[in-house]
Structure formats: C-alpha cells, structure tokens
Amino acid sequence: MRSSVIRGLGGRAAVISITRLLNQGLILISPIVLVRLLSVQDFGRYREFLLYTTVLLSFAALGISNSLLRFIPSRPELKWRYVHHTVALTFASSVLVTGVALLVDTALDGRAMGEFALPAAIYVLLFVNLDFWEFLWLAEKRSFAVLGYTTGRLVARLLTVITAAALSGQVRVIVWSLVCLEATRLTISFISWRRRVQPVTADTTGVLREQLWYCLPFGGSMVIASLNRSIGNLFVAKTMGPVALAHYAIGTYLQPVITVLRNSVSDVLLPEMVARNRETHEDMLLLFRRTTVVIAILLIAAAVMLARFAEILVITLFSEEYRPAVGILQIYLLVFARESLDFGVPLRAINRTTPILRSNVLAIVINVVLVSLLLPLWGLTGAVIAFVVSRLIEGVYLGWQTMRAYEVPLSQLAPWKDLGKVVVAAGLAAAVLYGDFWTELLGFPGVLLGAAAYVAAFATMLLLLRVPEASVLLQHVRSAPSLL
C-alpha cells in the first residue's frame, strides 16, 4: 500500500517538477546563453530586472492560485467558483501591489527600481493575471496538461529573450520584448478561460470567505519566503552593484531548482493529505514522513555531486569571469538539507497556515540582521551564509509548530532513523568522488561519469542500509513510463 501510494505520488511529482523547471527556464537556461551575449555588467542589470519582478510577483500572486490545490479536491463541484474568486482576488492584489511599487519608486526619485520601474510593473500585471491553469490542472491531477502549457510558455520566453539579446545586445530591448510576450499570453488565456468557464449551481455560501482566510496567512508566508530568498540579491544589488549581483545570481543559480523540486512534491502531496483528512492525523503524517525520505534521497545526493563539481560546472557553463560564484554555490548547497523537510505541508493539510507565516517572518528578520552584519565583513559569502542560517532556523521553528499541531513527540515527527541512513549513505558513497581523477584527466565529461558512479554507489549503500524508499525509487525508475 505504502509503496503504491508513494510511486503514484512520485510519478505526478516528477511530471510537475519537469514542468516547473521548464517554467523557470527564463532563469535557469537563459543565463547560460546570455552570459555569452551580454557583458557581466549588462547581465547584472538584466538580473536586477528579474529580481524586482520576482519580488513584486510574490506580493501580487499572494498564493491565491495555489489555494486551488486545497479547495478543488475537497469540493470539486465548486471548481469554477474557486477559479472565479482566484481571478478576481489576483487582479485586485496585482493592481494594488504594482500601484504601490510605482508610488514608492516615484517618492524615492527612482532609487527603488530605477530604469526598470515601469516595465517591471507592467510585466508583473500581465504575468500574474489569468495564470491559474497550472494549479487548476494539478488539482485535477492532469499532469500532462501542465507539461504542455509550461513547455510552450518556456519555448516562447527563451526565443524572445535570446532573440532580443542576439539582435540588439540591449537589456532594455530584452525587457520590453518580455512585456509584449506576456501581453500575448494574457490575451490567449482570457479567451480560453471565457470559453471553458461553467455556471455553478451548488450552494456557495461562505466559499469566498473560506478561500480568502486560507490565502491571507499562507499567501503572506509565501510572499515573505520569496522576499527572504531575494534579500541577499537586493542588498548586493543596492550596495555592491550589477557585477557583484551577476556573481551572486550564478552562485545561487540552483535556488529556483530546489524550490521547484520541493514544492512540486509538496503540491502533489497536499491534495492526498487533504483527501485523508477524513481519516486520522496519524495516517496523514505517515504519508508525509515517508515522502520526506524520498525528497532527502534526491536532494542530498544532488548536493554532494554539485559541491564536488561546482568549480568546473560554473566555469564551463558561465565562463571564467564567474569564478567568484563557486564558493557561494558550495555554501548555498547546505540549504538542501533544510528543504528535505517541508513541514508546511502537514500544517496546510489541516488548514493551520498561520504558523507558516510566523516562521517566514522569523526567517526574514534573521536574514536581514545577518546580511546587514556579514555583507560588509565577508561580501557575497556573508550574504549567502545569512540566507542559509535563516532557513535552518525557520525549519526548526516550523517543525516545532507541526509537533504541537499534530500532538506528536519529536521522535514521531519525521523518520529520523531512515534520514540518518540517507546521510550516512551519501557520505560513504562520496568516496568515489575523491581526488582529481574525474575532472583533471577527463575534463567536463568526467562530471557526467563521476555523477553516474556516485549515483550507483549511493543507491548501493541505501539498499545495504535497508532504506525502504530506496527500493520504491528503483522500482519507480524501472517503470517510469507507466507511472507517468
């Protein structure tokens, strides 16, 4: 039973992870090309635009579309009413956020967003509105619909950015090209929405209030979490300039990847836990605990390989000019351990989202204090250390809140024994990566060969240590086509 449930979740989570990684293609793929088309200075300016839009998007979205994952599985007959509320609430939130941002920038004589104020505001309005499709289809378990939607969007964005950069070499042209693309996307989305929307005849009393009360604390926590991830970038951009921001952006290049992987599993897990809400909390927490081991296996193995090959990966993908990003990347990889434990999922499953908000407030306060102290002392290294520490403390606090909500001791909160085995297996398997053989003699192909050797050694150690989820993962890999 446990094996089949985890394999089913794994199949959907794999598809969703792929689609969301594709959705992040503008941040993940375009830098590899743009660093060769733009100077470090101009690439830093481009990243500055993405930084401002990322912060504004988190405020404008407010986790409203994400609420569909919580409510549609529980009351599918009200699907289009929830979608209607999502559209209206997102529009109101985005207009308010972009309006305030422009007023603040004007009051500060352009010192907040500078040359990017107007295009960033327009881009956010176009980007965030009528963008509920991914969560609607995910709530309906239509993974491949999400894949098609996201793939098309990625291809359009990449072609737009790369073409604009290649033809003009100007950041301003790239930015306004993205604005035009999102205007086209919004138009198509509006037409599709109006054609598909259906009237709702069921009783909807209290539905808007319930959805709003879910969105406010959870959306607020998502905003603060996103802002916390951007604090280091904001401090670097405003105090050290675009070149330093370019280096820091490459050093934390994997940040969206980790967020996507964890959130994809969490968003697939949440509807399953909500469906089990009619059963006992113990049954809900059991599903969370077992899934946690799977996430830990994937993230810890990735962290070890990336730490070992960080230098050659950065230099090969982004050129010698980005060598300062190597150390930043290796420190940032410590976040992988924290992301293995997403205590927000069990809290969201029982509609306890306020602790998530408080934990993110705690994290951002710690991050701001530490980055203010460490950035002047250690530069970019201080900024990434501040973020890592804030995330670790936030995780401890959220784990404590989950223990209180479910009334369980620390020993039952997570499968600590199996998680310990994963860490031991990762450490022992790392022996195959020791020395300079893989990169000094084999060059970049050695990264692929070394990674393959490590995965084989890691899998062997997991099986020898009898980690149950290791067997499930191997079965999942062997039968991947049927699971997807």
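Hydrogens, waters and symmetry mates are skipped; everything else that's a heavy atom, side chains included, is used.
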Is any side-chain heavy atom of [X] less than 4.5 Å from a side-chain heavy atom of [Y]?
X: Tyr253; Y: Val314; answer: no
X: Val124; Y: Tyr52; answer: no
X: Leu398; Y: Leu347; answer: yes
X: Phe91; Y: Ile64; answer: no
X: Arg111; Y: Asp105; answer: no
X: Phe71; Y: Ser67; answer: yes
X: Tyr322; Y: Val40; answer: yes
X: Trp80; Y: His84; answer: no

Side chain to side chain contact (heavy atoms under 4.5 Å, CB included) between Leu227 and Phe59, worked out: CA-CA 9 Å; Leu227 186 58; Phe59 279 92; 4.3 Å; yes
Which distance, rounded to the nearest 0.5 Å, do you find between the [atom1] of [X] and the [atom2] of [Y]?
X: Cys215; Y: Leu208; atom1: SG; atom2: CG; answer: 9.5 Å
X: Leu34; Y: Ile174; atom1: CG; atom2: CD1; answer: 5.5 Å
X: Ile250; Y: Ile32; atom1: CD1; atom2: CD1; answer: 8.5 Å
X: Phe127; Y: Leu178; atom1: CZ; atom2: CG; answer: 10.0 Å
X: Ile295; Y: Ile300; atom1: CD1; atom2: CD1; answer: 11.0 Å
X: Arg391; Y: Ser359; atom1: CZ; atom2: OG; answer: 8.0 Å

- request: Return yes if a side-chain donor-acceptor contact under 3.5 Å exists between Asn129 and Ser94, otherwise no.
  value: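 Looking only at side-chain atoms, Ser94 and Asn129 do form a donor-acceptor pair, the distance falling under 3.5 Å.
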Under 3.5 Å donor-acceptor, [X] side chain and [Y] backbone:
X: His247; Y: Pro242; result: no
X: Thr252; Y: Tyr248; result: yes
X: Ser230; Y: Asn233; result: no
X: Arg195; Y: Ser192; result: no
X: Ser319; Y: Ile315; result: no
X: Ser58; Y: Val55; result: yes
X: Lys238; Y: Ala112; result: yes
X: Ser93; Y: Leu89; result: no
X: Thr163; Y: Thr160; result: no

- prompt: Parallel, tilted or perpendicular for Tyr46 and Phe43, by the 30°/60° rule?
  reply: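 Taking Phe43 first and then Tyr46, their aromatic rings sit tilted (interplane angle of 30° to 60°).
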- request: Check the angle between the aromatic planes of Trp133 and Trp137 and answer parallel, tilted or perpendicular using the 30° and 60° thresholds.
  value: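 If you compare the ring of Trp133 with that of Trp137, the planes turn out tilted.
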Look at [X] together with [Y] and state whether they make a salt bridge at an N to O cut-off of under 4.0 Å.
X: Lys79; Y: Glu77; value: no
X: Arg153; Y: Glu182; value: yes
X: Arg45; Y: Glu48; value: no

Closest non-hydrogen atom pair, [X] against [Y]:
X: Ala121; Y: Thr98; result: O-CG2, 3.6 Å
X: Gly344; Y: Ile356; result: O-CD1, 3.7 Å
X: Leu245; Y: Gly44; result: CD2-O, 3.7 Å
X: Leu413; Y: Gly399; result: CD2-O, 3.5 Å
X: Ile162; Y: Leu37; result: O-CD1, 4.2 Å
X: Tyr397; Y: Pro355; result: CE2-O, 3.9 Å

task: Go through Glu115 and Arg172 one step at a time and tell me if the side chain to side chain contact (heavy atoms under 4.5 Å, CB included) criterion holds.
output: CA-CA 9 Å; Glu115 62 177 314; Arg172 183 174 294 275; 3.5 Å; yes
message: With side chain to side chain contact (heavy atoms under 4.5 Å, CB included) as the criterion, how do Leu50 and Tyr123 come out once you've worked through the C-alpha distance, each side chain's angles and the decisive distance to 0.1 Å?
response: CA-CA 10 Å; Leu50 291 183; Tyr123 179 80; 5.6 Å; no
message: Please determine whether side-chain hydrogen bond (donor to acceptor under 3.5 Å, both in side chains) holds for the pair Glu134 and Ser65, giving the CA-CA distance in whole Å, both sets of side-chain angles, and the decisive distance to 0.1 Å.
response: CA-CA 9 Å; Glu134 177 184 337; Ser65 295; over 6 Å; no
- prompt: Trp400 ring centre to Arg404 NZ or CZ under 6.0 Å, with the angle to the axis within 45°?
  reply: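 Yes, a cation-pi geometry holds between Arg404 and Trp400.
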- prompt: Do we get Arg338 above Phe387's six-membered ring, with its NZ or CZ under 6.0 Å from the centre and within 45° of the axis?
  reply: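 No, Arg338 does not lie over the aromatic ring of Phe387.
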task: Could you go through the side chain to side chain contact (heavy atoms under 4.5 Å, CB included) check for Arg75 and Tyr82 one step at a time?
output: CA-CA 10 Å; Arg75 300 190 66 181; Tyr82 286 126; 3.8 Å; yes
task: Carefully, step by step, assess Tyr149 and Asp131 under the rule side-chain hydrogen bond (donor to acceptor under 3.5 Å, both in side chains).
output: CA-CA 11 Å; Tyr149 174 75; Asp131 190 32; 2.8 Å; yes
Side-chain atoms of residues 362-380: list all donor-acceptor pairs with protein atoms under 3.5 Å, sequence neighbours left out, distances to 0.1 Å.
from, atom 1, to, atom 2, distance (Å)
Asn367, ND2, Asn228, O, 3.0
Asn367, ND2, Asn228, OD1, 2.7
Ser372, OG, Val368, O, 2.7

